[in-house]
2 protein chains.
Amino acid sequence: MAREMLRQGGRSARIQTAVHAATRDLLETIDRSAITVPMIAEKAGVPPSTIYRRWGDIGDLLADVALAHMRPIADPTDTGSMHSDIETFIIEYAEEMSSGVGREMLSDILGSSSGGAAQQCCHYTIHHLETLRDRAEQRGEAVFDIAAAMDKIVAPIVYHIMFRDREVTPDYCRALISDFLGKTAGR
Amino acid sequence: MAREMLRQGGRSARIQTAVHAATRDLLETIDRSAITVPMIAEKAGVPPSTIYRRWGDIGDLLADVALAHMRPIADPTDTGSMHSDIETFIIEYAEEMSSGVGREMLSDILGSSSGGAAQQCCHYTIHHLETLRDRAEQRGEAVFDIAAAMDKIVAPIVYHIMFRDREVTPDYCRALISDFLGKTAGR
DNA sequence: CACCTTAACGCAAATTATTAGCGTTAGTGA
DNA sequence: TCACTAACGCTAATAATTTGCGTTAAGGTG
């Protein structure tokens, strides 16, 4: 993961935006393994050395871009009940991460040398679950434990996506959620 | 992951052995991000072009080496009961994967382009669990479901190792196992 | 607002990694 | 033993990465 910018404004920020945009563009256009730093640099209108100096290598850059794409911009949908809130959020999450680009984003984040990107990515997921839990609490519903939800719902989904040992279908997600919330607690 | 060799014996096999050995050596000596193909080639006594032709890039080579290191050579220890068999195996697995080199191996395998290495790695774990289950069955103990064990024990452990969001301690592993096998089933 | 400090940049040269062509070696099966 | 060809070694060409150095401009200060 790229270090935090010491300078926030102006040129430095413009370059970050341009490089991120160029990278996202290329990720949609051509195969990820074919993307090179000079390629991104040309598209972004900066010299390659700027990218190397700022992001280190292409792995860290890809992790940074993936992380930026995962940064929560909106709260998960409010569907009226905790069970369906969780289902909606988790199924969408699983679908996004199961896709080709989703898997590549996860892979880039997990492969990043420092490990900061992975922690941050995990934190985003936890943050969303916290939102759902707080919402449930305000409704007067029984709350759930975030760490337990990570273990019993998120972890298996991510595991199967990364190891490709089974399809992560909406039905599979629903089963994990029902199992976690208690099978009797139908909605 | 490297494709299977079309030729099994002689020179081709010797080169594979030498390159793997050189790579493992370097992984223990210097930082993984500093390892280059020409470096490995020199240590192994082969020209770099041979490595590029056979393994594609350094990512695939590292994944191949990591996978070879994970290949089961012996069955997990027989401790006399299923619960402690699982505990012994899982705690050892978690400890190995939590270490610096373990995490890097997982990272290399998950980052490999084809995805075959990840599937294979997962298969090794399943194979070990099958051994434990069959052993329990022969003893007349109640058996367990492999897929469920992967979801409830292995997946959370691997998730936390990869995302670095919590320490994976032996106590944590024991809790996952007890929870899976039923809290009342103390040993 | 003008000035100072220095992080971050652009450029270009030097280094290093990767790819590709081509002749050679040595597994494998007849 | 021989024929066939996958896999190799060598080398030249190409591409990526690193590094030094002068320049630009962000952010702070008087």
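We name chains A, B, ... by the order of the sequence lines, and we start the count at 1 in each one.
- Residue Arg53(B) contributes atom CZ, which lies 12 Å from atom C1' of dT24(C) at whole-angstrom precision.
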Result block: side-chain N/O donor-acceptor pairs under 3.5 angstrom for residues 40-51 of chain B, not counting sequence neighbours:
none

Sequence neighbours left out, cut at 3.5 Å: what donor-acceptor pairs do the side chains of residues 148-157 of chain A make with other protein atoms?
{"unit_1": "Asp151(A)", "atom_1": "OD1", "unit_2": "His160(B)", "atom_2": "NE2", "d": "2.7"}
{"unit_1": "Asp151(A)", "atom_1": "OD1", "unit_2": "Tyr172(B)", "atom_2": "OH", "d": "3.1"}
{"unit_1": "Asp151(A)", "atom_1": "OD2", "unit_2": "Tyr172(B)", "atom_2": "OH", "d": "2.8"}
{"unit_1": "Lys152(A)", "atom_1": "NZ", "unit_2": "Asp179(B)", "atom_2": "OD2", "d": "2.7"}

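- Comparing atom distances between the Arg54(A) side chain and each of dA8(C), dC8(D), dC21(D) picks out dA8(C) as nearest.
- In this structure, Glu42(A) places its CD atom 16 Å from C1' of dC11(C), rounding to the nearest Å.
- Taking for each of Thr36(A) and Ile15(B) the nucleotide of DNA chain D with the nearest heavy atom, the 5'-most of the two is the partner of Ile15(B).
- The CH2 atom of Trp55(A) sits 11 Å away from the C1' atom of dA8(C) (whole-angstrom rounding).
- When rounded to the nearest whole Å, the span between CG of Asp57(B) and P of dA20(C) equals 14 Å.
- Across dC8(D), dT24(D), dG20(D), the shortest atom-to-atom separation from the side chain of Arg11(A) is found for dT24(D).
- One finds no side-chain N or O of Ser49(A) lying less than 4.0 angstrom from the OP1 or OP2 phosphate oxygen of dG10(C).
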Where do Thr169(B) and Asp171(B) land on the side-chain hydrogen bond (donor to acceptor under 3.5 Å, both in side chains) test, with the steps shown first?
CA-CA 5 Å; Thr169(B) 62; Asp171(B) 276 350; 5.5 Å; no
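- The distance between atom CZ of Arg14(B) and atom P of dT25(C), rounded to the nearest whole Å, is 15 Å.
- Following rounding to the nearest Å, Ile51(A) (CD1) and dC11(C) (C1') show an atom-to-atom distance of 15 Å.
- Between Ser12(A) and dA8(C) there is no side-chain N or O to OP1 or OP2 distance below 4.0 Å.
- Regarding Gln16(A), its CD atom lies at a distance of 19 Å from the P atom of dA25(D), rounded to whole Å.
- Toward the 5' end of DNA chain D, the nearer of the two residues Gly10(A) and Ile58(A), judged by each one's closest nucleotide, is Ile58(A).
- Using a 30° and 60° split on the angle between ring planes, Phe89(B) and Tyr93(B) fall in the tilted class, from 30° to 60°.
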